[in-house]
Amino acid sequence: MYRLLPLFLLLSCDKPDPKTEQPPYQDDDGDGLSVEDGDCNDEDSSISPQAAEVCDGIDQNCDGQADEGVLLTYYTDGDADGYGSGEVPACTAPTGSSTEGGDCDDSNPDISPAAAEICDGADNNCDGQVDDGATDAPTWYADQDGDGAGDPGTSTVDCAQPAGFVSGNTDCNDQEADIHPGASEICDGVDNNCDGSTDGSDAIDLSTWYADQDGDGFGDPARSTRACTPPAQTVS
């Protein structure tokens, strides 16, 4: 009896336990996982809990969601200017969409982040500012003396005329209101009308000078000229 005990114990160890043995599961698509392992489509080897999700409207990784984490972002482009507003997640571009967003007025093709800003009271380039850096903004010149003529050395560019600035830049002295283009030239040693000459023949207070070729201090009434200062060999 004692001799049969080891054999009985050996046979007992080899007998499978019906409580722990797992039955074999069928893997129809050969991807290494069965339906019981979580394969949600055992007819397609590209679909399993181990598969990578791709953008195609199918749940590749069997997590109950399709295209999660791989959807592309498109934007509704109502004015067909290449920029849209309103995100549209999709795998392929929907009709009337763009890959670029940021359009602040999707009903106007002249307004988009790529548009040039112009003086029209609108935010053409969608940067949140109106008429800033407009390409057609005029140049204005400082008019400190208020004579209507601007200083060519002091200017600014703006769509609207700033206070203290004018469109012209021909003032040769912006500190004196009596000096500007169109002013009357007078004999004062200053270029009053900004024509580049001082006390020229256009001065309104020119004096008359008479030729005195013999130097006796008396001039020839038949030979005279008008000037601010006496020319050589002339007397008053």
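Computed from a predicted structure; not experimentally measured.
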CG/Asp63: more than 12 non-hydrogen atoms of other groups inside 6.0 Å: yes
Under 3.5 Å donor-acceptor, Asp120 side chain and Ala122 backbone: yes
In this structure, are over 12 heavy atoms from other groups packed under 6.0 Å from Arg226 atom CZ? yes
Looking only at the side chains, is there a donor atom on one of Asn193 and Asp202 sitting less than 3.5 Å from an acceptor on the other? yes
Going through the checks in order, is the side-chain hydrogen bond (donor to acceptor under 3.5 Å, both in side chains) test met by Gln50 and Asn61? CA-CA 6 Å; Gln50 297 177 348; Asn61 58 11; over 6 Å; no
Residue pair Asn125 / Gln129, side-chain donor-acceptor N/O under 3.5 Å: no
Are any side-chain N or O atoms of Gln144 and backbone N or O atoms of Gln175, one a donor and one an acceptor, separated by less than 3.5 Å? no
Using the rule given for side chain to side chain contact (heavy atoms under 4.5 Å, CB included), can you reason through Glu87 versus Tyr74, listing the C-alpha separation, both sets of side-chain angles and the distance that settles it, and then say yes or no? CA-CA 6 Å; Glu87 294 186 1; Tyr74 296 92; over 6 Å; no
Can any side-chain N or O of Trp140 pair as donor or acceptor with the backbone N or O of Val157 at less than 3.5 Å? no
Please report the shortest heavy-atom distance between Asp67 and Asp56, naming the atom on each side. OD1-N, 3.0 Å
For Ser97 and Pro94, indicate whether the former's side chain and the latter's backbone hold a donor-acceptor pair under 3.5 Å. yes
Begin from the C-alpha positions of Ser98 and Glu100 and carry the test side-chain hydrogen bond (donor to acceptor under 3.5 Å, both in side chains) through to its verdict. CA-CA 5 Å; Ser98 171; Glu100 300 291 338; over 6 Å; no
Tell me whether Gln60 contacts the main-chain N or O of Ile47 through its side chain, where contact means a donor paired with an acceptor under 3.5 Å. no
Is there a side-chain hydrogen bond (donor to acceptor under 3.5 Å, both in side chains) between Asp158 and Thr156 once you walk through the steps? CA-CA 7 Å; Asp158 204 314; Thr156 187; 5.6 Å; no
